[in-house]
Amino acid sequence: MALIVQKYGGTSVGSVARIRAVAAQVHALVRAGNQVAVVVSAMGDSTDRLIELARELCPDPDAREMDALLATGEMVSTALLAMALGRSGCAARSWNALQLPIDTKGPPGRARIERVGCEQLKQDLAAGVVPVVAGFQGRGENGDITTIGRGGSDTTAVALAVALKADECQILTDVDGVYTTDPRMVPEARRLPVVSFEEMLELAGQGSRVLHLRSVEFAARYGMKLRVLSSFGPGPGTLICEENPNVEAPVVSGIAFNRDEAVIAVSQVPDEAGVAHALLAPVAAASIEVDMIVLAAPKGGRVDLSFTVHRDDFKRALELTRGAAARYVGAAVAGDDRVAKLAVVGSGMRSHAGVAATLFGTLGTEGINVRLVSTSEIKISVLVAEKDLERAVRALHKAYGLDQSDPH
Ligand code: ADP
Ligand code: ASP
Ligand code: MG
């Protein structure tokens, strides 16, 4: 008998028929002798719809009320799935984050899970009841309901799995595993049977939305076996686990991309100590995350600084940077929010040269201009114009031999 935490995403519970199908799947797992705890997302695109409702009322809704609103989506799914399970003859109970509780720290909309209270869950499991837990939400330090970032139900599931010492955490979604890139953009993408934690951290961090970044961080830190599976049919899925030292790692495993990027370029600032800090400090003080940063080679005592932020933070970051740059006579600030980032990721990059050469060669042949570059041991990411993104990803997918038709 295994203890399994399963998480079903929005599409997987997007209708009454889907909720029935999920209930049947969970019930089958229970009948096979397993203990199962389930985490669910809000139905379909209901989180987006709740956000639209709020924006119709006010352009900049209060963060606390926004969390109170968004947390309702997941609660709808828990109650419905618990009902569907009950009706199919499988005892089940719904739980929200205030009831358990799932304690979080940090600002609304971006809270982080600190502790999962699992007494009630353990009681349910021991009594043969399936606990159905609302993903994406937590209890803040002041007792308010919080949310933990878009796509966060994956993280709720892993946190629960770790707290319950589950044998495995399964993320059931609308694809049958982690692919070499988003199969919706590149139909030639292929499923990866195994991905190392390290690679998955980079893929998720660079925008591959199949798994929430914090869920992979949690799983890696606690060595929790994580499996991505389809909720629409059987299949082996993708196992995310420690790298097997006996198997040679692929040079490039996958390509992630993210359209939600914006770049801010400050030109002609004095080439002296403290300038980068003076420009970036106000942005950091506003809790805006800066991703890629490039300082160009100085010329005539002047230097250019470029950096990227999330597109939602673009306007505010541009204003703040303009304010900070005003003290430098002759400096100019420009911004572009029609940019996108892509990243090629692979553990084998550590011991293989030529990955960057292939990247720049391929993009050069395609006539795609690279605006910024950043690297880690197992990743190269570049910023390109948004209009070039799809062409860039397809060309690189082919160039690295990742297409289905390629030998691997
Ligand atoms: P859920 O609602 O189940 O959490 P998401 O929409 O968050 O599902 O994540 C699944 C989606 O992630 C897929 O439909 C796919 O378009 C996208 N995706 C992006 N990159 C990848 C990848 N490398 N492998 C598989 N899916 C990916
Ligand atoms: N419902 C939330 C979202 O749409 C959380 C999740 O799906 O994981 O982002
Ligand atoms: Mg998701």
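We count residues from 1, following the sequence as given. Atoms within a ligand are numbered from 1 in the order they appear, just like the ligands themselves.
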D67 and T147: side chain donor to acceptor below 3.5 Å:
yes
Counting from 1, what ligand 1 atoms have a heavy atom of V175 closer than 4.0 Å?
13 (C), 25 (C), 26 (N)
May I ask you to decide whether D403 forms a salt bridge with K398, counting only side-chain N to carboxylate O separations under 4.0 Å?
yes
Just which atoms of ligand 1 are under 4.0 Å from any heavy atom in D174?
10 (C), 11 (C), 13 (C), 14 (O)
Winner among S208, G151, S253 once heavy atoms are compared against atom 20 (N) of ligand 1:
S208
Are D48 and R150 within salt-bridge range, i.e. N to O under 4.0 Å?
yes
Can you tell me if G177 has a non-hydrogen atom under 4.0 Å from ligand 1?
yes
Are any of the side-chain nitrogens in R371 or E261 under 4.0 Å away from the carboxylate oxygens of its partner?
no
For ligand 1, note which part of S12 has a heavy atom under 4.0 Å away: side chain, backbone, both or neither.
neither
Please state which part of K7 comes within less than 4.0 Å of ligand 1, counting heavy atoms only: side chain, backbone, both or neither.
side chain
Between T238, V210, V195, V345, which one has a non-hydrogen atom sitting closest to atom 26 (N) of ligand 1?
V210
R184 heavy atoms, cut-off 4.0 Å: which ligand 1 atoms fall inside?
13 (C), 14 (O), 15 (C), 16 (O)
For Y179, is at least one N or O under 3.5 Å away from an N or O on ligand 1?
yes
Under 4.0 Å, heavy atoms only, figure out whether ligand 1 is touched by the backbone of T181, its side chain, both or neither.
backbone
